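Just so it is clear, the structure is predicted and the values come from calculations on it, not from any experiment.
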Amino acid sequence: KEGVYTMPLLLATQGSSSELVKSWLGRNPSSHASQELIVTTLSEDGAFDKSQGEISKYNNIAVSSIKAGGSPVLIGLSKLPHAYEQLALKKQKPTVLEPIQSR
């Protein structure tokens, strides 16, 4: 399948499972994996947690920049990055225990 490489997948190419993950990528992948194996591998490699850390880092930078304006509107907007991150994580963070068909 073709698609966009996500941050967890990219981070996993630098982790302890890098050779396995790299074997799934490219025009002619040398191996194929089930969605469950991919999610399990990325989870065990810490790729989801590392991605969340990167998201939080850039959200904090955005919040600092917005708050620097000082107006009540900008201070209110400074809550948006964190709120959006939490919403996205509720909807997107896969768990190995969750049936794949329900994703």
Side-chain angles (χ1 to χ4, degrees):
K1 291 183 179 182
E2 292 184 28
V4 176
Y5 299 137
T6 62
M7 184 177 283
L9 195 55
L10 291 172
L11 290 172
T13 64
Q14 300 169 2
S16 61
S17 302
S18 64
E19 292 306 313
L20 176 61
V21 172
K22 288 176 185 177
S23 76
W24 302 331
L25 305 175
R27 290 181 189 243
N28 299 306
S30 61
S31 69
H32 297 279
S34 68
Q35 184 176 3
E36 185 174 5
L37 176 60
I38 293 169
V39 169
T40 300
T41 302
L42 298 182
S43 186
E44 289 174 353
D45 199 54
F48 294 120
D49 292 333
K50 290 174 192 170
S51 294
Q52 186 176 349
E54 287 295 306
I55 292 166
S56 294
K57 178 175 84 176
Y58 288 106
N59 277 349
N60 289 335
I61 292 169
V63 167
S64 296
S65 298
I66 293 169
K67 281 185 175 178
S71 79
V73 172
L74 291 178
I75 291 171
L77 276 175
S78 70
K79 296 177 183 174
L80 182 61
H82 180 70
Y84 181 77
E85 175 186 357
Q86 295 306 307
L87 177 66
L89 287 174
K90 282 183 189 175
K91 291 186 176 185
Q92 299 299 323
K93 189 169 184 181
T95 61
V96 179
L97 302 176
E98 177 183 352
I100 292 175
Q101 289 77 18
S102 70
R103 289 188 207 145

Query raised in the report: After noting the C-alpha distance and the side-chain angles of Thr41 and Trp24, does the key distance pass the side-chain contact (heavy atoms from CB on, under 4.5 Å) rule?
Result: CA-CA 12 Å; Thr41 302; Trp24 302 331; 3.7 Å; yes
Report summary line: Glu44 meets the salt bridge (Lys or Arg N to Asp or Glu O under 4.0 Å) criterion, sequence neighbours left out, with none
Requested in this report: Please name the pair of heavy atoms, one in Pro8 and one in Leu42, separated by the smallest distance, quoted to 0.1 Å.
Outcome: O-CD2, 3.9 Å
List the atom pairs, donor and acceptor, that lie under 3.5 Å between side-chain atoms in residues 55-64 and the rest of the protein, sequence neighbours left out.
| residue | atom | partner | partner atom | Å |
| --- | --- | --- | --- | --- |
| Ser56 | OG | Gln52 | O | 3.1 |
| Ser56 | OG | Glu85 | OE2 | 2.8 |
| Lys57 | NZ | Glu54 | OE1 | 3.4 |
| Asn59 | ND2 | Pro81 | O | 3.2 |
| Asn59 | ND2 | Glu85 | OE1 | 3.1 |
| Asn60 | ND2 | Ser56 | O | 3.2 |
| Ser64 | OG | Asn60 | O | 3.1 |

**Report entry** Reported CD1-to-OG distance for the pair Ile38 and Ser43, which is rounded to 0.5 angstrom
**Finding:** 13.0 Å
Side chains of residues 12-22: which donor-acceptor pairs under 3.5 Å do they make with residues two or more places apart or in other chains?
| residue | atom | partner | partner atom | Å |
| --- | --- | --- | --- | --- |
| Thr13 | OG1 | Leu10 | O | 2.5 |
| Ser16 | OG | Asp45 | OD1 | 2.7 |
| Ser18 | OG | Gly15 | O | 3.4 |

